[in-house]
2 protein chains.
Amino acid sequence: MDLRALETLRAVRTQGGVSAAATVLHLTPSAVSQQLAALSRDAGVPLTERIGRGLRLTAAGEALADAAVDVAVAVERARAACAVFLDRPEGTVSVSAFQSGAQLLLPGLLTRVAALGGITLECSDEDVAQSEFAGLTDRVDVVVAHRPDGGAGWPGEGSRLRVVPLLREPLDLAVAADHQLADRDAVRPEDLVGEEWIAVRQGFPVAAVLDAVAAASGSPPRITQRINDFSVVEALVAAGHGVSLLPRHTGGTHPGVRLLPVRGVRAGRRVEALLRADVAERVVVRRVLDELVAEAGRFGSPA
Amino acid sequence: MDLRALETLRAVRTQGGVSAAATVLHLTPSAVSQQLAALSRDAGVPLTERIGRGLRLTAAGEALADAAVDVAVAVERARAACAVFLDRPEGTVSVSAFQSGAQLLLPGLLTRVAALGGITLECSDEDVAQSEFAGLTDRVDVVVAHRPDGGAGWPGEGSRLRVVPLLREPLDLAVAADHQLADRDAVRPEDLVGEEWIAVRQGFPVAAVLDAVAAASGSPPRITQRINDFSVVEALVAAGHGVSLLPRHTGGTHPGVRLLPVRGVRAGRRVEALLRADVAERVVVRRVLDELVAEAGRFGSPA
DNA sequence: ATGTCGTTGTAGCGTCGCTTCATGGATCTC
DNA sequence: GAGATCCATGAAGCGACGCTACAACGACAT
């Protein structure tokens, strides 16, 4: 029973196919297919079954993939057991983050890790849909992800995925500096009736605030723009094209924008680090993760 | 990090050297040495150090070998996870037992396992010193071993070795059918003053009884013969060459020998099954082990 | 019906690991 | 103390395994 074949099986599960798994493993689909065949021969039971023009794991395949996680964890524990005797943790760790998270955390993280010495960091920004964050962990060691406050967790959380809370960012109202509300200390939903809204495309808990506004006004608020990049949102807000909701620590650098806390509605997002269970056992990864948590601590508690 | 290399490291530890490990792994010493070198290169720390003309594991090597046990266990769990979907457990299991244990348990075990179907048993009798039983688990799946009642446990018990109690055999006094004590229901130490003793060579708790006899008589008992094989002991006892102590269920088949319980002294041996932690995870092995425990249950409780 | 996508076979090639043989120490024996 | 022996390790050669490249097949979409 080959370790790489088990790793491959897990990739096929998380990526949902042979070709996709081959991509993240830097292999050809043929190699993946052959590994699966060999593993199935070794196990004595079929691990995959064709479904349409793709395939999916059988019950045995799922069970083996689950067990493969434990194997990978044990192997990385073994590595870590040796690394203890290494005078200094060395190696490279790859970190990815969504755009605003990268902006907020990566600069400080890089200086912190550089201060440790011996660890090289490979950073990248990955802007993907909510459901694809988990899949990134096949390509990247530490994935900085975000999800709506109170939203559902991640698939495989606990068993094959480790989730480390980094910080909770409240969503503040962003208005132009010359907006009528700009000098207030805070706002309430009823203050926002009639405003034009700039919303993000995907899964942000803007809805909670907008619902409160709707409840206060009796009519649904107007959403005029749908922009994902916060810098663009800030530019639009500053130019007076509407108001928006921005994570407190992420935006606010634009001189023409004011951020105001919204009272009476709990809205925010959670920023978390996602790691595959086996990767989380590597000592270098743990060191980087510690620094990441410390850096995030500068901006508030993870709870 | 190769699975076979980890397995090799464990074998080097338990066998105490490269050559010995190579023997049980069916490899040449050179291959073992190369695997160790590759593993050490991979780990980044030396795993072995030369000591005299042999070698021993470094602290890092010990740590890695410990972790390797967990890896092997996880791998076998993965195998077992697939085997659940196999309609019937199949495969071959190797079982070894010391002479009298084999005589007592193997016939029944073979018929029981044959009744299950699909499992082939490779039995062998291994008569080794007390300290070498654990080492046998590198060559044999299930090792039926024995140790003095109240004696020390096995090295690595719990972590890298699984110990399954099979039965506790009291030691009875064996006398010739025409001996003066032959018609008694039981004997006490003071009855045995002046007898000539036939003892076994290695580590049996005969001492407890002999000490009691010495306390009753005031002088050490005479030990005239040292014989390991119980059949030979019985033959000698039957021929009137002395008395001896025999496990209750093992001997007694010789028509010229009577077995008498010894009151006032707790003496006996424990018969246990020894398995490597990873081997114990295999489903076929578990099945065989269940049958072995059941068979042993015919001769008394393991406690 | 044709094109495309995704998986699975086949041939060829590189690489890795094992065996054989040879070398270097360290211990034991005489 | 010198030779013999045992043990571990290195170098060369060979075999096997796994990967890539290419082709074939089935399924879905247009």
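Proteins get letters first, then strands, A, B, ... in listed order; numbering begins at 1 in each.
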Check this for me: does any side-chain nitrogen of one of A:R286 and A:E291 sit under 4.0 Å from a carboxylate oxygen of the other? no
Given atom NE2 of B:H26 and atom C1' of C:dC18, what is their separation to the nearest angstrom? 15 Å
Using a strict threshold of under 4.0 Å (side-chain N to carboxylate O), is an ion pair present between B:R139 and B:E126? yes
Expressed as a whole number of angstroms, how long is the span from A:R53:CZ to D:dA27:P? 12 Å
For A:L27 and A:R50, find the nucleotide of DNA chain D closest to each by heavy atoms; which residue's nucleotide sits nearer the 5' end? A:L27
Calculate the interatomic distance between B:L9 atom CG and D:dA8 atom P; express it in whole Å. 14 Å
Give a yes/no on whether any side-chain N or O of B:S30 is located under 4.0 angstrom from OP1 or OP2 of C:dT20. no
Is it true that B:R79 and A:D42 make a salt bridge, defined as a side-chain N closer than 4.0 Å to a carboxylate O? yes
C:dT15 P sits how many Å from A:R4 CZ, rounded? 14 Å
For D:dC19 and A:Q35 - does any side-chain N or O of the residue sit under 4.0 Å from the phosphate oxygens OP1/OP2? yes
Do the side chains of A:D66 and A:R13 get close enough for a salt bridge, i.e. N-O under 4.0 angstrom? yes
May I have the distance from B:D42 (atom CG) to C:dG17 (atom P), rounded to whole angstrom? 11 Å
Starting from C1' on D:dC17, measure out to CE on A:M1 and report it in whole angstrom. 17 Å
Distance, rounded to the nearest Å, where B:Q15 contributes CD and D:dC6 contributes P: 19 Å
For B:T28, answer base if it contacts any base atom (sugar-phosphate contacts may also be present), sugar-phosphate if it contacts only those atoms, and nothing otherwise; contact means non-hydrogen atoms under 4.0 Å. base
Separation of C:dT8 atom P from A:L47 atom CG, nearest Å, is 12 Å
Report yes or no: is there a donor-acceptor pair, N or O only, under 3.5 Å between the side chain of A:Q34 and the base of C:dT7? no
